[in-house]
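Keep in mind it's a predicted model, so treat the numbers as computed, not measured.
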Amino acid sequence: QVQLVESGGGLVQAGESLKLSCAASGSIRSINVMGWYRQAPGKQRELVATIIIGLGTTNYADSVKGRFTVSNAKNSVYLQMNGLKSEDTAVYYCYANIRYYSGVDTNHWGQGTQVTVSS
């Protein structure tokens, strides 16, 4: 079984920074893509940032470009969040597309970590 565990969420003031971490573990042959999604109260879950493992190609939501940076190392992914705004308040979910030893690719999600930005 594969698990994704997030950490680093918390309460910060507008304009401050926060770094989220996510570690993948389990029966993993390789990881194709890792990234972050978020869901604010009363809203749909939306993509924040992704990175293609091995290539380093990144993709960001327009609302976070220039403020957030996604990176990876081994079986982990990170999200550096600078210049946080109140509208960034949400539960942030780690995402990974993982290849099993059978060759099958499957999407996985973490349990989520709360980020609250006060103004």
Using a 3.5 Å cut-off and no angle test, enumerate the donor-acceptor pairs between side-chain atoms of residues 68-87 and protein atoms at least two apart in sequence or in another chain.
unit_1: Q80; atom_1: NE2; unit_2: N82; atom_2: OD1; d: 3.0
unit_1: N82; atom_1: OD1; unit_2: S17; atom_2: OG; d: 2.9

Under 3.5 Å, sequence neighbours excluded: what are the donor-acceptor pairs made by side chains of residues 42-56?
unit_1: E46; atom_1: OE2; unit_2: R38; atom_2: NE; d: 2.8
unit_1: E46; atom_1: OE2; unit_2: R38; atom_2: NH2; d: 3.3

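Applying the side chain to side chain donor-acceptor pair (under 3.5 Å) test to every pair with at least one member in residues 18-29, sequence neighbours left out, gives no pairs at all. Sequence neighbours left out, the pairs with a member in residues 97-106 that pass salt bridge (Lys or Arg N to Asp or Glu O under 4.0 Å) are R99-D105. Among residues at least two apart or in separate chains, disulfide (SG to SG under 2.5 Å) pairs with a member in residues 2-110 are C22-C94. For residues 62-73, the salt bridge (Lys or Arg N to Asp or Glu O under 4.0 Å) pairs, not counting sequence neighbours, are D62-K65, R67-D88. Sorted by first then second residue, the ring pair (Phe, Tyr, Trp, His ring centres under 6.0 Å) pairs that include residues 9-59, not counting sequence neighbours, are Y37-Y95, Y37-W109.
For Y93, there are no ring-ring contact (aromatic ring centres under 6.0 Å, His included) partners at least two apart in sequence or on another chain. Contacts of E16 classified as side chain to side chain donor-acceptor pair (under 3.5 Å), with partners at least two apart in sequence or in another chain: none. With sequence neighbours excluded, the residues satisfying side chain to side chain contact (heavy atoms under 4.5 Å, CB included) with V2 are I28, I98, Y100, H108. Residues passing the side chain to side chain donor-acceptor pair (under 3.5 Å) test with N59, sequence neighbours excluded: none.
At least one donor-acceptor pair closer than 3.5 Å links the side chain of E6 to the backbone N or O of G112. Remark: the backbone N or O of V117 is paired with a side-chain donor or acceptor of T89 at under 3.5 angstrom.
By the neighbour-count criterion of 12 heavy atoms within 6.0 Å, atom CD of Q3 is sparsely surrounded, having that number or fewer from other residues, nucleotides or ligands.
Linking Ile, Leu, Val, Met, Phe, Trp and Tyr whenever their side-chain heavy atoms come within less than 4.5 Å leaves L4 and V33 in two separate clusters.
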